[in-house]
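Report on the structure given below.
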Amino acid sequence: CAPSLGGTIDAPTIPSVAPKGDARARLGSYLSIQAVEDARMKGISGEAGYTEPAGKVTQIVEDGIKSAFRENGISILDSAPVSLRTEIRQWRAKVTSTAQAEIDSEATIFVEALAPAGKVIYSGTYTGNRSSKFPIVSRIDVQDSLGLAMANAIGQAVADPAFLNVLSAY
């Protein structure tokens with residue numbers, strides 16, 4: 001059984017992103033994080049049966065990004081030579097009910113690394129997904145699923161070798 005969630009739900013916390021690979025290669029890398037932008041298309045969530053996080057979405061994602069880079073050996077400094085601009089392109093969940101309720105969550109972020117002069121030196125799009133089945137779904141289950149989907153998207157960015165190579169060159 002699934003609750004009637006409506007078009008929005010309080011934005012979830014984003015779980016930690018475990019370090020991937022050898023973090024030592026990233027030690028000494030610095031990154032400045034610009035304010036995250038919410039670039040999701042408005043007005044489609046309720047119509048399509050999706051539930052989207054609402055509230056302090058950009059701050060929660062920004063905090064998740066900062067935490068993920070720190071946990072993976074990259075220092076966050078406002079004065080860093082490379083800055084990261086991030087857009088939330090999609091972050092939503094759909095709950096379907098059959099014999100069991102299923103939650104399918106997806107999150108997509110677009111990132112651009114900018115050199116000191118503002119030139120884009122790297123860009124990438126990362127998508128995280130999370131699917132779960134429950135006999136009964138609560139709002140907390142949906143929030144947890146959304147948080148894990150965003151953590152997966154952020155984790156892909158943090159572990160992307162092409163992005164890390166560009167970052168370590170500065």
Side-chain angles (χ1 to χ4, degrees), residues 1-21 23 26 31-76 83-98 100-113 123-160 163-164 167:
C1 185
S4 174
L5 297 172
T8 62
I9 193 168
D10 290 339
T13 57
I14 298 171
S16 294
V17 175
K20 302 229 189 305
R26 299 174 209 142
L31 187 62
S32 169
I33 307 292
Q34 295 183 7
V36 172
E37 296 177 40
D38 189 350
R40 296 178 291 172
M41 292 177 53
K42 303 296 180 211
I44 63 166
S45 59
E47 297 169 28
Y50 286 93
T51 299
E52 293 186 334
K56 297 181 180 185
V57 171
T58 56
Q59 186 61 55
I60 288 169
V61 172
E62 182 178 329
D63 291 346
I65 289 169
K66 287 178 178 177
S67 175
F69 277 106
R70 282 187 191 114
E71 290 171 11
N72 281 273
I74 297 170
S75 298
I76 306 300
S83 63
L84 186 72
R85 181 171 46 211
T86 305
E87 293 179 358
I88 303 166
R89 297 268 173 100
Q90 190 168 4
W91 197 13
R92 64 188 188 174
K94 186 166 192 165
V95 179
T96 54
S97 293
T98 54
Q100 287 189 331
E102 185 169 353
I103 306 169
D104 291 307
S105 296
E106 52 191 354
T108 301
I109 57 173
F110 172 76
V111 301
E112 287 182 323
S123 64
T125 302
Y126 303 94
T127 300
N129 296 290
R130 171 69 178 185
S131 292
S132 329
K133 291 185 180 184
F134 298 90
I136 299 174
V137 171
S138 70
R139 294 181 75 77
I140 292 172
D141 295 329
V142 175
Q143 286 175 307
D144 289 347
S145 181
L146 285 162
L148 289 166
M150 184 56 76
N152 289 336
I154 292 169
Q156 288 177 27
V158 170
D160 182 345
F163 174 61
L164 294 174
L167 182 59

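For clarity, every value in this text was computed on a predicted model and none was experimentally measured.
Asn152 places a side-chain N or O within 3.5 Å of a backbone atom of Asn129 that can act as its donor or acceptor partner. In this structure a side-chain-to-backbone donor-acceptor pair under 3.5 Å is missing from Glu102 to Ser131.
Separating the CZ atom in Arg92 from the CG atom in Asp104 is a distance of 10.5 Å, to the nearest 0.5 Å. Between the CG atom in Asp10 and the CD atom in Gln143 there is a gap of 6.0 Å [rounded to 0.5 Å]. Distance check: Leu31 CG to Ser83 OG gives 7.5 Å after rounding to the nearest 0.5 Å. Expressed to the nearest 0.5 Å, how far OG of Ser138 lies from CG of Asp144 amounts to 7.5 Å. Of the inter-residue distances, the one linking Ile33 atom CD1 with Ile65 atom CD1 reads 6.5 Å to the nearest 0.5 angstrom. Separating the OG1 atom in Thr127 from the CD atom in Gln90 is a distance of 7.5 Å, to the nearest 0.5 Å.
For the pair Glu112/Glu87, no side-chain contact is recorded, criterion being any heavy-atom separation below 4.5 Å from C-beta on. Side-chain contact between Phe163 and Val111: absent, with no pair of heavy atoms (C-beta onward) separated by less than 4.5 Å. Inter-residue side-chain proximity for Thr125 and Thr108 is flagged as met; some heavy-atom pair is nearer than 4.5 Å. Taking 4.5 Å as the limit, some side-chain heavy atom of Ile60 sits within range of a side-chain heavy atom of Ile14. Side-chain contact between Ile74 and Leu164: present, with at least one pair of heavy atoms (C-beta onward) separated by less than 4.5 Å. Ile88 is listed as a side-chain neighbour of Met150, based on a closest heavy-atom distance under 4.5 Å. Side-chain atoms of Val57 and Glu52, non-hydrogen and from C-beta on, never get closer than 4.5 Å to each other. Contact check for Pro15 versus Leu148: side-chain heavy atoms found under the 4.5 Å cut-off.
The shortest non-hydrogen separation linking Thr8 to Arg139 is O-NH2, 3.7 Å. The nearest pair of heavy atoms linking Trp91 to Leu146 is NE1-O, 2.9 Å. Between Gly147 and Pro12, the shortest heavy-atom distance links the atoms N-CG, 3.6 Å.
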Show, in sequence, the C-alpha distance, side-chain angles and deciding distance for Glu37 and Arg85, and conclude whether the side chain to side chain contact (heavy atoms under 4.5 Å, CB included) test is met. CA-CA 8 Å; Glu37 296 177 40; Arg85 181 171 46 211; 3.9 Å; yes

With side chain to side chain contact (heavy atoms under 4.5 Å, CB included) as the criterion, how do Ile154 and Ile109 come out once you've worked through the C-alpha distance, each side chain's angles and the decisive distance to 0.1 Å? CA-CA 8 Å; Ile154 292 169; Ile109 57 173; 4.1 Å; yes

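For Gln59 and Asp63, the side-chain atoms include at least one donor-acceptor pair closer than 3.5 Å. Remark: the Thr58 side chain and the Glu62 side chain contain no N/O donor-acceptor pair separated by less than 3.5 Å.
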